[in-house]
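All values below come from the heavy atoms of this structure, side chains included, with hydrogens, waters and symmetry mates left out. Residue numbers start from 1 in every chain, and the chains themselves are labelled A, B, ... in the order their sequence lines are given, proteins ahead of strands.
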There are 2 protein chains.
Amino acid sequence: MSDHVFGKGMQRADLAKLTGCNLETIRYYEKIGMMPDPPRTASGYRIYGEDHVSRLRFILRGRELGFSLDEVRGLLALVEGGAQTCAEVKERTERHLADVRAKIADLRRIEKVLTQTAAQCSGDMVPDCPIIEVLAS
Amino acid sequence: MSDHVFGKGMQRADLAKLTGCNLETIRYYEKIGMMPDPPRTASGYRIYGEDHVSRLRFILRGRELGFSLDEVRGLLALVEGGAQTCAEVKERTERHLADVRAKIADLRRIEKVLTQTAAQCSGDMVPDCPIIEVLAS
DNA sequence: CTTGAGTCTGTAGTACCTACAGAGCGTAGC
DNA sequence: GCTACGCTCTGTAGGTACTACAGACTCAAG
């Protein structure tokens, strides 16, 4: 197989290479209904086309931007459902943005504690390590 | 039970309340060896003392600071092992700090993309939503 | 016709919990 | 003494998002 121009469709490995997605993840997305069941050859091999490429790219991009699979599923439904308005898309994006910002705030708090504590630690043979104090407090 | 002053030791629910840990999580930590097997009453009820409280607090604090359970396990081993030096503790903390900073950088990148894209979106009845463009690109 | 690479399937493993069912235990009230 | 209620015990299943593997099959090249 592996029709060089993908004229008749491509195999799983081709789709994986094209999108940078892990080979097994494609099958996983199919199993949980994120990707549609593709047509098969007579012997059962999956055949993918351009529509599969777009859809998988959409999912991967959403994941890169920190959306959960469920959130991506929702966005896909809006897009595929031919939403006349993007208000809902914007709303979900902003909800997600709030999540992302909350996570950043959390991590910054952690960073601050760790930085301050590590700074107090000489690293020498000290009986009372300030880092351990923080953990044990 | 529930000896008001915890003189003879406390039950699981008491330990949970005292540390803010989920009841089931205590059992889970025991199962994976993060918490030692506690003594039991004749009928099999777990009995916890002050040492269990400290250890659980250490674990929870480590988790709050974003250490993995394995990292916490390692720190605990250093502490309980009566390490003469805290150099190793400092090193691990700094390795973890680098992880935290990398995660912050990741999230900030995500935040930037989402903010910029959401700003371009009017939220009106637009056929080409810039958010979807980003996802589909 | 054989060989090697690709594909198929189901399943198990990762991290970190959380929740539940069904059984047993302990105590307060009657 | 007995019942009722709440706690504990156990093992196991679920959730999120994959990733990896074993064993069987298919396909194309030499």
CZ of A:Arg73 versus C1' of D:dT16: gap in Å, rounded? 11 Å
Using a 4.5 Å cut-off on heavy atoms from C-beta on, say whether the side chain of A:Arg27 contacts that of A:Met35. no
Taking CD from A:Glu30 and P from C:dT7, how many angstroms apart are they, rounded to a whole number? 13 Å
Do A:Ile32 and A:Leu15 land in one hydrophobic cluster if side-chain heavy atoms of ILVMFWY residues count as linked below 4.5 Å? yes
Test applied, side chain to side chain contact (heavy atoms under 4.5 Å, CB included); reference residue, B:Leu76; option that passes from B:Val79, B:Leu78, B:Val72: B:Val72
Between B:Arg46 and D:dT8, does any side-chain N or O lie under 4.0 Å from OP1 or OP2? no
Atom CD1 of B:Ile32 and atom P of D:dT12: how far apart are they, to the nearest Å? 18 Å
Nearest-Å distance, CG (A:Leu23) to C1' (D:dA22)? 15 Å
Between B:Asp14 and B:Lys17, is there a salt bridge with N-O shorter than 4.0 Å? no
Using atom OH of A:Tyr48 as one end and atom P of C:dG6 as the other, report the distance to the nearest whole Å. 16 Å
Whole-Å distance between C:dG6 C1' and A:Met10 CE? 17 Å
Rounded to whole angstrom units, what separation is found between the CG atom of A:Asp37 and the P atom of C:dT9? 10 Å
Taking B:Arg61 first and then B:Glu64, would you say they form a salt bridge - that is, a charged N and a carboxylate O separated by under 4.0 Å? yes
Integer-rounded Å distance: C:dG6 C1' and A:Ile47 CD1: 15 Å
Contact letters for nucleotides 15-25 of chain C, in which S counts primed atoms plus P, OP1 and OP2 and B counts the base, heavy atoms under 4.0 Å: -BBBBB---BB
Out of D:dC9, C:dC8, C:dT7, which has the shortest distance to the side chain of B:Arg12? D:dC9
For the residue pair B:Met34 and B:Arg55, establish whether any side-chain heavy-atom pair is separated by less than 4.5 Å. no
